[in-house]
A.B. asks: 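Here it is: the structure, laid out below.
Note that the numbering runs from 1 along the sequence shown for the chain. Note that the structure is predicted; figures quoted are calculated from it, not measured.
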Amino acid sequence: MRYDLVIFDNDGVLVDSEPISNKLLAGYLTELGHPTSYEDSLRDYMGSAMHRVHDLVEERTGRRLPADFDDVFHGRVFAAFERELEPVPGAVAVLEKLAADGVPYCVASSGSHERIRVGHRTTGLDRWFEDSRIFSSQDVGRGKPAPDLFLYAAERMGVAPARCVVVEDSPLGVQAAVAAGMDVLGFTAMTPAERLVGATRFFSDMGELADLLV
């Protein structure tokens, strides 16, 4: 294989959570007096850590979100995950192949550790991700588009950045991977290729991924 480590984004790449969480985020922001459509949420917040939501709302309106915003939002998201969340089609087969071939892999997500684990447990993906393979923006000072999270994951996994490839579906994630000096495979199932500027290559079906890694 041309890479020594495959780093997966989580939301939208491994678990099909982006439609769920962005609908809930748009609805909650609107409820709080910050009118936001589903499309607005995808454009502004997809792939980002929660601090970006707080920062953008305050920057645009001069008002801070409630202190319990994250807790209320995550409570709604986790409840919806339990009812609706599924793995991204083809993700299980990719993980099975990587594990069978002995290819090192991990997940590096803007989501919290709790969010990652709830999603994996609900979808059954937890069997492929012990704690040593899970990295969150909580582990670093700055989330995507800063490169910190991907660099941290590579360091912890013992692989040089130039030998890593990132699988991403958000513009912010692609920017972070490029800034980290890593190749990026842009997953276009939800995000058009033209928005994933900087990606090394693109693919629209997770079944195509294994062939792009060799």
A.B. asks: To the nearest 0.5 Å, tell me how far Ser109 OG sits from Gln138 CD.
C.D. replies: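 If we round to the nearest 0.5 Å, Ser109:OG and Gln138:CD are 9.5 Å apart.
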A.B. asks: What distance do Leu5 atom CG and Ile7 atom CD1 have between them, rounded to the nearest 0.5 Å?
C.D. replies: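 Here the rounded value is 4.5 Å.
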A.B. asks: By the definition salt bridge (Lys or Arg N to Asp or Glu O under 4.0 Å), identify the one residue from Arg52, Arg63, Arg64 that meets it with Glu58.
C.D. replies: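 Answer after filtering Arg52, Arg63, Arg64: Arg64.
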A.B. asks: What closest approach, in Å, do Ser41 and Asn22 show between heavy atoms, and which atom pair accounts for it?
C.D. replies: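 For Ser41 versus Asn22, the nearest heavy atoms are OG-OD1, 2.6 Å.
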A.B. asks: Does Arg163 reach the main-chain N or O of Arg2 with its side chain, forming a donor-acceptor pair under 3.5 Å?
C.D. replies: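 Present.
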A.B. asks: Report the C-alpha distance between Glu130 and Arg133 in whole Å, list the side-chain angles of each, state the deciding distance to 0.1 Å, and finish with yes or no for salt bridge (Lys or Arg N to Asp or Glu O under 4.0 Å).
C.D. replies: CA-CA 6 Å; Glu130 61 270 24; Arg133 295 182 189 266; 3.0 Å; yes
A.B. asks: Quick one: do Asp148 and Arg142 satisfy salt bridge (Lys or Arg N to Asp or Glu O under 4.0 Å)? Show the steps, please.
C.D. replies: CA-CA 6 Å; Asp148 304 36; Arg142 299 181 299 167; 3.0 Å; yes
A.B. asks: In Å, rounded to the nearest 0.5 Å, how long is the span from CG of Asn10 to CZ of Phe135?
C.D. replies: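 Asn10 CG to Phe135 CZ: 13.0 Å, rounded to 0.5 Å.
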A.B. asks: Consider only side-chain N and O atoms of Tyr3 and Asp183, and report whether a donor and an acceptor are under 3.5 Å apart.
C.D. replies: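 Yes.
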A.B. asks: Does the separation of the ring centres of Phe187 and Phe202 fall below 6.0 angstrom?
C.D. replies: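 For Phe187 and Phe202, the ring centres are not under 6.0 Å apart.
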A.B. asks: Of all the heavy-atom pairs spanning Pro171 and Thr191, show the shortest one and how long it is.
C.D. replies: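 Shortest heavy-atom separation between Pro171 and Thr191 comes out as CD-CG2, 4.3 Å.
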A.B. asks: Closest approach of Pro19 and Met190, non-hydrogen atoms and distance?
C.D. replies: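 Reported closest heavy-atom pair: CD-SD, 3.9 Å.
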A.B. asks: Please name the pair of heavy atoms, one in Leu151 and one in Pro161, separated by the smallest distance, quoted to 0.1 Å.
C.D. replies: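 It is CD2-CG, 3.8 Å.
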A.B. asks: Does the ring-ring contact (aromatic ring centres under 6.0 Å, His included) test come out yes or no for Tyr105 and Phe129, once each step is laid out?
C.D. replies: CA-CA 9 Å; Tyr105 64 89; Phe129 288 98; 5.5 Å; yes
A.B. asks: Check whether Tyr152 and Val6 end up in the same hydrophobic cluster, where Ile, Leu, Val, Met, Phe, Trp and Tyr are linked by side-chain heavy atoms less than 4.5 Å apart.
C.D. replies: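 Tyr152 and Val6: separate clusters.
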A.B. asks: Do Thr36 side-chain atoms and His34 backbone N/O form a donor-acceptor pair below 3.5 Å?
C.D. replies: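 Yes, Thr36 side chain to His34 backbone: donor-acceptor pair under 3.5 Å.
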A.B. asks: Quick check: does any side chain N or O of Ser170 sit under 3.5 Å from a backbone N or O of Gly173, one acting as donor and the other as acceptor?
C.D. replies: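 It does hold such a pair.
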A.B. asks: Do Asp9 and Lys144 sit within salt-bridge range, that is, some charged N less than 4.0 Å from a carboxylate O?
C.D. replies: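 Between Lys144 and Asp9 there is a salt bridge, with a charged N closer than 4.0 Å to a carboxylate O.
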A.B. asks: Regarding His113 and Asp131, is there a side-chain donor-to-acceptor distance under 3.5 Å anywhere?
C.D. replies: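 On atom types as modelled, these side chains do not qualify, holding no pair under 3.5 Å.
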A.B. asks: Val77 pairs by side-chain contact (heavy atoms from CB on, under 4.5 Å) with which of Val72, Leu24, Val118, Leu85?
C.D. replies: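 Result: among Val72, Leu24, Val118, Leu85, Leu24 is the only option passing the side-chain contact (heavy atoms from CB on, under 4.5 Å) with Val77.
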A.B. asks: Is there a chain of hydrophobic side chains (I, L, V, M, F, W, Y, each step under 4.5 Å between heavy atoms) that links Leu42 to Phe73?
C.D. replies: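 Cluster IDs for Leu42 and Phe73 differ.
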A.B. asks: Can you tell me how far OG1 of Thr122 sits from CZ of Phe78, rounded to the nearest 0.5 angstrom?
C.D. replies: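 Phe78 atom CZ to Thr122 atom OG1 measures 9.5 Å (nearest 0.5 Å).
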A.B. asks: Going by an N to O cut-off under 4.0 Å, is there a salt bridge joining Glu31 and Arg76?
C.D. replies: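 Arg76 and Glu31: salt-bridged.
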A.B. asks: Can you tell me how far NE2 of His120 sits from CZ of Arg115, rounded to the nearest 0.5 angstrom?
C.D. replies: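 That separation rounds to 11.0 Å.
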A.B. asks: Show your working on side chain to side chain contact (heavy atoms under 4.5 Å, CB included) between Leu98 and Trp128 and close with a plain yes or no.
C.D. replies: CA-CA 10 Å; Leu98 293 178; Trp128 285 283; over 6 Å; no
A.B. asks: Do the side chains of Val103 and Val184 join up, straight or via other hydrophobic residues, at under 4.5 Å, putting them in one cluster?
C.D. replies: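 Each belongs to a different hydrophobic cluster.
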